[in-house]
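Here's the structure, in structure tokens; my notes come after.
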Amino acid sequence: MNIKKDDKVVVLSGKDKGKQGKILVSDPKAAKVIVEGVNVATKHQKPRKQGEEGGIIKVETPIYASKVQLVCPKCGKATRVGHKIADGKKLRVCKKCGAEI
């Protein structure tokens with residue numbers, strides 16, 4: 001996976017197509033990510049402790065990483081991720097403008 005936690009991404013397909021958000025959780029083994037404000041489901045929650053409130057809460061659910069694309073911080077466009085090796089380190093670069101991500 002070329003995307004990590006705290007990256008800004010745009011959704012490519014599905015009911016939330018076009019929405020942008022920050023990655024909250026990245027799961028490379030399942031190839032899924034949780035994006036802030038995307039793929040929101042309602043969950044009915046019972047109060048577990050005394051004094052705690054129950055009710056209907058909104059929760060972001062995972063989507064496949066292939067359905068999101070990284071937004072370049074420099075040019076602001078959705079882009080594929082390229083790799084470049086500099087000073088013995090592997091860097092992620094924008095395929096559109098060449099900026100380091």
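Numbering starts at 1 and runs along the sequence shown. Given the structure is predicted, the values throughout are model-derived calculations rather than measurements. We use all heavy atoms of the structure for the numbers below, so side chains are in, but hydrogens, waters and symmetry mates are not.
Considering only residues two or more places apart in sequence or on other chains, D87 meets the salt bridge (charged side-chain N to carboxylate O under 4.0 Å, His left out) condition with none of them. For E36, there are no side chain to side chain donor-acceptor pair (under 3.5 Å) partners, not counting sequence neighbours. Residues satisfying the salt bridge (charged side-chain N to carboxylate O under 4.0 Å, His left out) test with K22, not counting sequence neighbours, are D6.
Interatomic distance, I23 CD1 to M1 CE, rounded to the nearest 0.5 Å: 6.5 Å.
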For residues 41-49, please give each side-chain donor-acceptor pair under 3.5 Å, one per line with the distance, not counting sequence neighbours.
none

Show me the donor-acceptor pairs, under 3.5 Å and distance only, between side chains in residues 79-86 and residues at least two apart or in other chains.
residue, atom, partner, partner atom, Å
T79, OG1, K95, N, 3.3
H83, NE2, N2, OD1, 3.1

Under 3.5 Å, which donor-acceptor pairs link side chains of residues 55-76 to any protein atom two or more places apart or in another chain?
residue, atom, partner, partner atom, Å
E60, OE2, G37, N, 3.1
T61, OG1, N39, O, 2.8
T61, OG1, N39, ND2, 2.8

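A chain of hydrophobic side-chain contacts below 4.5 Å, direct or via other Ile, Leu, Val, Met, Phe, Trp or Tyr residues, connects I3 to V38.
Crowding of E52 atom CD: a count of heavy atoms from other residues, nucleotides or ligands under 6.0 Å exceeding 12.
In terms of heavy atoms, L91 sits closest to E100 at CD1-OE1, 3.7 Å.
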